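The structure appears right after this line, and notes come after that.
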Protein chains: 2
Amino acid sequence: MQLPRKKAYHHGDLKTAILIAAEAELVAHGLESFSLRRVAKAIGVTPAAPSHHFGNTNGLLTELAALGFRRLLAEQKDRQDRVAHDALGQLVASGIGYIDFAVNNPNLFQLMFNWRNLNEDHETLVAHRQAAYDHLVSNVEATQPDAHQSARRALVDAMAAWVTVHGIASLLSSGKTNRLAELQKRSGTDRDSLFGELIVKAVGASHF
Amino acid sequence: MQLPRKKAYHHGDLKTAILIAAEAELVAHGLESFSLRRVAKAIGVTPAAPSHHFGNTNGLLTELAALGFRRLLAEQKDRQDRVAHDALGQLVASGIGYIDFAVNNPNLFQLMFNWRNLNEDHETLVAHRQAAYDHLVSNVEATQPDAHQSARRALVDAMAAWVTVHGIASLLSSGKTNRLAELQKRSGTDRDSLFGELIVKAVGASHF
DNA sequence: CTGTTAAACTAAACACTGTCAAGATAAGGC
DNA sequence: GCCTTATCTTGACAGTGTTTAGTTTAACAG
């Protein structure tokens, strides 16, 4: 791994340079106005250069989404590390991480969950997405008193948890004037506590 | 109101013709590849013609989103009319209507909730969106035993209900290979019953 | 019926966009 | 050293949204 020269014909590590520039383009202009030519120009390269590494624009966006899923899971685990180790606390921390990721990376979140042109054959995309999903399921299962006796309940609780967390994340990250955020403020409860409350409610605090 | 002539220079009712063609374009090519020129060509008119009625593409899409919110509310009410009149049953029916709308109109749903370029100054858009929101809140409040004594609970329940319904709708309508749908099938419960169960759980069946 | 005004739409052009085929350049293996 | 392969450029093409100026028609006043 060598430092890329200044004006070399070969960039050195163009692929990652493109990914970085592409994310900057994403936050700057949004997914709706994403321009491949602009990211090429930003790093001083020809519009056709990215095609060689990613095939086409969708390939680049797909790779970006895959990285997004990796970072999403990382943020969830990071949250969990800084919190009590009981099952319910872990689940809540994971959910808050999910929500924070969506709020802090709205365009990336939109790309990951609401973009219909992603290349579903992309291996690392499906792998990282699957990893994030598995992590959720295991977190929910850990809150179940007896997994064998209540398989259906584990299933339903997993859906409930996922659905509430994703609903919060989606609504909070999408709107500019945000009704859900207004409700949260009017509740008099800080964000993490309130959404934690909702998550706990979703998995049915009855067995505690 | 006269029937539009065949090849008249003036189309007669071009504005609604464009809206209809635009929705067809939306379902045919998706929001990501929406083309204004294609909708113009589909109704045999110049690419610049829509600009006169909608300003620009965003104007057209915004109007489409506004119609979407109107139809969303209509579908919810339609569901509620065909169901028992108790408060909880009404809330569930409304939520199922919301979900069904998202599943049956995925691109429109994406436009309404995940499109960042919508013109937020568009009056009918904000009006119809507000109407849909108010309807939700009133549905939740109707399930509260005493609105005055538990204002905060009404608030939290409204958030919980909205968030679960929207989460389900968003996840179900976005993916092609859909993990949530898989979970639903594995639960052995039909879709409406299962999601109704989740909604009831969200508003806290404790007061029943 | 006639003349005028305002609305609806066209024509042509512009600056973009993503993508492709062909060629130039450099790196790495032998 | 040469040769092969990966990397990037050049130049072009079709398609996109939008704008300006001009043409056609409807609506309306007399």
Side-chain angles (χ1 to χ4, degrees), chain A residues 1-22 24-26 28-65 107 111 115-119, chain B residues 1-22 24-26 28-65 107 111 115-119:
Chain A
M1 185 73 69
Q2 202 168 349
L3 285 183
R5 320 250 188 82
K6 198 83 187 289
K7 284 225 169 179
Y9 192 98
H10 287 43
H11 181 279
D13 195 2
L14 183 60
K15 186 166 182 178
T16 69
I18 291 177
L19 283 172
I20 293 174
E25 163 75 11
L26 194 61
H29 297 276
L31 191 49
E32 293 82 358
S33 318
F34 184 91
S35 163
L36 182 64
R37 289 183 105 103
R38 247 186 332 236
V39 329
K41 177 175 286 185
I43 55 185
V45 100
T46 277
S51 301
H52 187 262
H53 293 276
F54 302 98
N56 54 17
T57 305
N58 270 323
L60 171 56
L61 289 177
T62 301
E63 192 107 1
L64 219 54
N107 297 290
L111 171 65
W115 200 245
R116 293 183 144 73
N117 288 350
L118 290 184
N119 178 16
Chain B
M1 184 74 67
Q2 201 169 348
L3 284 183
R5 319 248 188 85
K6 198 80 185 290
K7 285 226 172 181
Y9 192 99
H10 287 43
H11 180 280
D13 195 1
L14 182 60
K15 185 166 181 176
T16 69
I18 291 177
L19 283 171
I20 294 174
E25 163 75 11
L26 195 60
H29 298 276
L31 191 49
E32 292 83 358
S33 319
F34 184 91
S35 163
L36 183 64
R37 288 183 105 104
R38 249 188 328 238
V39 330
K41 178 175 285 185
I43 55 184
V45 99
T46 276
S51 301
H52 187 261
H53 292 278
F54 301 98
N56 53 17
T57 305
N58 270 324
L60 171 56
L61 290 178
T62 300
E63 191 108 2
L64 219 55
N107 297 290
L111 172 64
W115 201 243
R116 291 181 145 76
N117 289 349
L118 291 183
N119 177 17

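It should be emphasised that the depicted structure is a prediction, and the values quoted were computed from it without experimental measurement. Within every chain, numbering begins at 1; the chains are lettered A, B, ... in the order of the sequence lines, protein sequences first and strands thereafter.
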Using whole Å, what does the distance between atom [atom2] of nucleotide [N] and atom [atom1] of [X] come to?
| X | N | atom1 | atom2 | value |
| --- | --- | --- | --- | --- |
| A:His29 | C:dC16 | NE2 | P | 13 Å |
| B:Arg38 | D:dG15 | CZ | P | 10 Å |
| B:Ile43 | C:dA8 | CD1 | P | 14 Å |
| B:Ile18 | C:dT10 | CD1 | C1' | 14 Å |
| A:Leu36 | C:dC16 | CG | C1' | 13 Å |
| A:Lys41 | D:dC8 | NZ | C1' | 17 Å |
| B:Asn117 | D:dT18 | CG | P | 11 Å |
| A:Leu14 | D:dC8 | CG | P | 4 Å |

Look at the side chain of [X] and decide which nucleotide, out of [options], has an atom nearest to it.
| X | options | value |
| --- | --- | --- |
| A:Val45 | D:dC8, D:dT19, D:dT18 | D:dC8 |
| A:Ala48 | C:dG18, D:dT19, D:dT9 | D:dT9 |
| A:His52 | D:dT7, D:dT9, C:dC9 | D:dT7 |
| B:Thr46 | C:dT10, D:dC8, C:dC9 | C:dT10 |

From [X] [atom1] over to [Y] [atom2], what is the distance, rounded to the nearest 0.5 angstrom?
| X | Y | atom1 | atom2 | value |
| --- | --- | --- | --- | --- |
| B:Asn119 | B:Leu60 | CG | CG | 12.5 Å |
| A:Phe34 | A:Leu64 | CZ | CG | 7.0 Å |
| B:Glu63 | B:Lys15 | CD | NZ | 4.5 Å |
| B:Thr46 | B:Arg37 | OG1 | CZ | 9.5 Å |

For DNA chain D, the residues among residues 53-61 of chain B that have a non-hydrogen atom under 4.0 Å from it: B:Asn56, B:Thr57
Check: B:Arg116 main-chain N/O paired with A:Glu32 side-chain donor or acceptor under 3.5 Å: yes
Whether A:Glu25 side chain and A:Leu36 backbone form a donor-acceptor pair below 3.5 Å: no
Distance below 4.0 Å between B:Ser35 side-chain N/O and D:dT16 OP1 or OP2: yes
Side chain B:Arg37 and base D:dG17 donor-acceptor under 3.5 Å: yes
B:Leu14 side chain reached by B:Ile43 side chain, heavy atoms, under 4.5 Å: yes
